[in-house]
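A quick write-up on the structure given underneath.
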Protein chains: 2
Amino acid sequence: MKQHNDDPKQRLIDTASDLLRRRGLNSTSIRELAKHANAPLGSTYHYFPGGKPQLIGIAVTQTGQRIGKLLSKALAAGPVAGLEAFLAQWRSVLLQGEFKAGCPVIAVASDDSSAEGEGVPLAAAAEVLQSWVRLISDRLRERGQKEEEAMATATLIVAAVEGGILLCRAEQSITPFDRVAKLLIQQLKQQMSEQA
Amino acid sequence: MKQHNDDPKQRLIDTASDLLRRRGLNSTSIRELAKHANAPLGSTYHYFPGGKPQLIGIAVTQTGQRIGKLLSKALAAGPVAGLEAFLAQWRSVLLQGEFKAGCPVIAVASDDSSAEGEGVPLAAAAEVLQSWVRLISDRLRERGQKEEEAMATATLIVAAVEGGILLCRAEQSITPFDRVAKLLIQQLKQQMSEQA
DNA sequence: GCTAAGCTATGACGAGTGTCATAGCAAGGG
DNA sequence: CCCTTGCTATGACACTCGTCATAGCTTAGC
């Protein structure tokens, strides 16, 4: 079967996500990317004629969908369960990457790259973030929250998690994330009980 | 008097903060920086023998102190007033920069640059973030919150604000920030009333 | 006026960047 | 068998990067 490991194209995408997490957008070069993916440099432009912006855009979108699927499944068991899974996911990324690895979406959003076709990755990042917010807020609305309230809560969750990841990267410690996580869960539980 | 505008050194620092906000760490080059600051390239290494890491580090620290001072003053009128000032500050940065400008501290924290003396800027970023958290949490403790609770609340605030800034950059809109801000204030007010 | 210190101007260095063109290879269908 | 099609290998293009050395200028103090 054609799987991750013998499909150079997919390997390039995965490597892009990984490098994006650890180095950021502008510190991730096509050459280094190809080397890590065990793919020839020339192949990059064969599989991705749109060049770096296209590859990065795809990597961001794909990572977003992967996490979105995980989030979606966990949310089926309720908003709190969904949040807990979302948090656990990021916590493990931070720990396994020893606080060098963050979120590829953040990497794209912080680096400008306001060049030519470079709006592509940023647009991908925006859509991923919005999709996460939508997943959570939809579930909150099913639990009786009003539209705007649900959007606010979901946005706060995503913002706080991404921000927490940044704090951990900065001070090389999991503490900020754990503090943020504990409070988010506590507040969400409280909101749910008020609704019931 | 020797003021901002005729001191090349200070002008370089200010320009560094500005470029950091808008372009990110690795997209901010010394050459561009010097040009924007109307300073000769050679002068950069005269004033900052430590090169780019030193200049970036100073810019981050200085921006952090500026905002820290503002935050500190506003906190004197109470935690809620402090939060409101903090939020207003960032909101105006986002609007004035048309969502292209974020926080220099975030820029440094997301970009790796795990090179040689490059731990310097990251350490500066960490200290700035911790100082903001400390300012807020100290004030919360004075209002009766326990150490850990105060730290958690303060960390959530900083993380959510920085995360909110990222969301706004991504989707080129102030909406995420406003949602986050509203909820943060509402929750803090509630915490304060419970304490009283 | 003259010297000393502080700053600027200029240009180079090696390395790295995204991008692409072209020549080569392997394998599959006719 | 040949020959098309899909991929790889190689190397070049025109930059830009951080950094630094050195020579020149300006200005203040004696």
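First the proteins, then the strands, lettered A, B, ... as listed; each starts at 1.
With sequence neighbours left out, A:Glu147 forms a salt bridge (charged side-chain N to carboxylate O under 4.0 Å, His left out) with A:Arg141. Scored by the side-chain hydrogen bond (donor to acceptor under 3.5 Å, both in side chains) test, B:Gln89 finds no partners at all (sequence neighbours excluded). B:Gln186 meets the side-chain hydrogen bond (donor to acceptor under 3.5 Å, both in side chains) test with no other residue; sequence neighbours excluded. Every side-chain hydrogen bond (donor to acceptor under 3.5 Å, both in side chains) that A:Glu171 has, sequence neighbours left out, goes to B:Gln130.
Close approach of DNA chain D to chain B, defined as any atom under 4.0 Å from a non-hydrogen atom of the protein, starts and stops at D:dC17 to D:dT19.
In summary, of the residues considered (A:Thr155, A:Val105, A:Ile157), a side-chain contact (heavy atoms from CB on, under 4.5 Å) with A:Trp132 occurs for A:Val105 alone.
Summarising the geometry, the separation between CG on B:Leu41 and P on C:dC13 is reported as 16 Å, rounded to the nearest angstrom. One can place OH of A:Tyr47 at 18 Å from P of C:dC20, the figure rounded to the nearest angstrom.
B:Lys35 has no carboxylate O lying under 4.0 Å from a charged side-chain N of B:Glu32, or vice versa, which leaves the two without a salt bridge.
In terms of modelled atom types and a separation under 3.5 Å, the side chain of B:Arg23 and the main chain of A:Asp111 share no donor-acceptor contact.
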With the criterion being N/O to N/O and under 3.5 Å, what pairs connect the protein with nucleotides 16-18 of chain C, and how long is each?
from   : atom 1 : to      : atom 2 : distance (Å)
C:dT17 : OP1    : A:Ser29 : OG     : 3.1
C:dG18 : OP1    : A:Ile30 : N      : 3.4
C:dG18 : OP1    : A:Lys52 : NZ     : 3.1
C:dG18 : OP2    : A:Ile30 : N      : 3.0
C:dG18 : N7     : A:Arg31 : NH1    : 2.7
C:dG18 : O6     : A:Arg31 : NH2    : 3.0

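Nearest approach of B:Ser17 to B:Thr63, heavy atoms of both residues: OG-OG1, 2.9 Å.
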